[in-house]
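Heads up: the structure comes next, in C-alpha cells.
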Amino acid sequence: MRVNVIPLLLLLWASPSWAEQELALYPGTVHTRIGEDLLIGGQPHRIAYFTTKDSLVRVARYFHGFWTKQGYPVVVNGDLQREAVVSAFFTREGLQRAVVLRTHLGKTVGFTVLKDLWLYEKPASAGNSPFIQVEGALFSADVGSRDEAGGSRHRTQVVERSLDAVRQELTSRFTAAGYALVRESGGRLDGRRTLVLEYARGAEQVLTTLVELEPSRVAVSQAWVGTDRPDGMPNAEAVRQAREDALRAGQGREGTP
C-alpha cells in the first residue's frame, strides 16, 4: 500500500507549530490566560490579559518595535489615547499576533491574542447549538473553549426588543428544550435593568444575562458549560439536583406502559 507522505509531513509540521506558539508578553507584567484554546468565528485563538501602569502609547510602541525588529508586517489602529490595536502577521506560520489596549482607571489593560489564520472549524448548526437563538438579533458572536474538565461556549447578542419580551421568549424556549430554572435574579447596573437566568439540564448549565441598553434594545450574554464531573460545574449542587430530576423523569417514562 502506497501512502502519500507529503500531506502527512505537512500535518505533522503544522500541528506542533501551533501547539508550541506562545502569546506575546509585555515585560514586567503578569499575563492571565482566558480559557484554553478558544474557537472564535470558527478560528483557533489564544488570549490572555495584563495590566500595567505604563501609558497606552508606551505599550503600543513596545509591541510595534518588538515585532518590527523581527521583520514582520505590523499594523496599528486606534486613537492611541483611549484604545489601540497592534497586529503582526507571521505569514510563514500562518499566525496573527495582536495586542488590544484600553485605558481604565489610570492603567493600561492589554489583551494579547494569538490567532491561527489557516485553520477553520465550521460553527455548529442551529440544531446542534446549546443556546437559545433569540428572535430579532442585530448582532451575534460565539466563542468556544475545551479543557479536561469539559467544554464551555459563550454567545453575545444585541436584540431589538424589550427586556420583558426577551425574558418571556427565553423562559418558554428553555422549558421546551428540557431545561429547569435554577435561579433568577434582577437589579440595575448604572441605572439600567438587568436580569440573570440560570438553567440546568443534566450535565449542562446555561447562564443568561440580560442588560437593557434602551427600552427596545437588550444585550444578551449566554454561557453554556457541560462536563462529566459534577465538581467541574459552576453550580455543582444545582447540576446534581438537575441530574437526579432528569434520571427520575427518564425512569418514569421507561415504566410507562
Side-chain angles (χ1 to χ4, degrees), residues 3-104 107-125 139-156 223:
V3 178
N4 189 347
V5 298
I6 294 179
L8 180 60
L9 290 175
L10 288 174
L11 178 63
L12 293 175
W13 172 80
S15 297
S17 68
W18 166 246
E20 295 170 359
Q21 295 289 343
E22 297 295 336
L23 287 161
L25 302 177
Y26 185 68
T29 64
V30 176
H31 289 62
T32 303
R33 282 286 296 271
I34 300 175
E36 296 298 326
D37 288 344
L38 306 176
L39 195 66
I40 304 175
Q43 292 184 295
H45 288 69
R46 290 177 182 170
I47 302 177
Y49 74 91
F50 66 92
T51 61
T52 177
K53 294 181 179 179
D54 292 348
S55 69
L56 184 149
V57 172
R58 182 173 181 175
V59 178
R61 285 177 176 171
Y62 168 80
F63 283 103
H64 180 273
F66 180 74
W67 286 324
T68 300
K69 289 178 182 178
Q70 296 183 47
Y72 297 108
V74 181
V75 177
V76 180
N77 293 301
D79 59 17
L80 292 177
Q81 296 181 359
R82 294 177 301 175
E83 59 184 17
V85 179
V86 184
S87 300
F89 298 90
F90 293 60
T91 53
R92 181 177 178 181
E93 296 88 349
L95 300 173
Q96 176 186 0
R97 280 192 171 87
V99 57
V100 181
L101 304 172
R102 294 292 298 268
T103 57
H104 181 67
K107 293 185 178 181
T108 299
V109 181
F111 293 86
T112 58
V113 182
L114 175 65
K115 175 181 178 181
D116 194 307
L117 301 174
W118 289 346
L119 298 181
Y120 176 79
E121 181 176 325
K122 185 177 180 180
S125 62
F139 166 84
S140 183
D142 290 1
V143 178
S145 180
R146 180 75 188 176
D147 56 29
E148 294 180 357
S152 65
R153 298 182 188 179
H154 304 267
R155 169 173 290 179
T156 303

* About how many Å separate CG of Leu101 and CD of Glu83, when rounded to the nearest 0.5 Å? -> 10.0 Å
* Asked: Looking only at heavy atoms, what is the nearest atom pair of Arg97 and Leu114, with distance?
  -> CG-CD1, 3.8 Å
* Shortest non-hydrogen contact from Ser55 toward Thr108 -> C-OG1, 3.4 Å
* Asked: Mind checking whether Phe89 and Val75 have side chains closer than 4.5 Å, heavy atoms only?
  -> yes
* Nearest atoms (heavy-atom pairs only) where Gln81 meets Thr103 -> O-CG2, 3.3 Å
* Approximate separation, where rounding is to 0.5 Å, of Leu80 CG and Arg61 CZ -> 8.5 Å
* Asked: So Val99 and Phe50, side-chain contact (heavy atoms from CB on, under 4.5 Å) or not? Walk me through it.
  -> CA-CA 10 Å; Val99 57; Phe50 66 92; 4.2 Å; yes
* Minimum heavy-atom distance His64-Val74, with the two atoms named -> CD2-CG1, 3.6 Å
* Over 60° means perpendicular and under 30° means parallel, so classify the ring planes of Trp67 and Phe63, tilted if in between. => tilted
* To do: Working to the nearest 0.5 Å, report the span between CG of Leu23 and OH of Tyr49.
  => 13.5 Å
* To the nearest 0.5 Å, how far apart are NZ in Lys115 and CD1 in Ile47? -> 10.5 Å
* Taking Tyr26 as the fixed residue, which of Thr112, Thr51, Asp54 is the one that meets the side chain to side chain donor-acceptor pair (under 3.5 Å) rule? -> Asp54
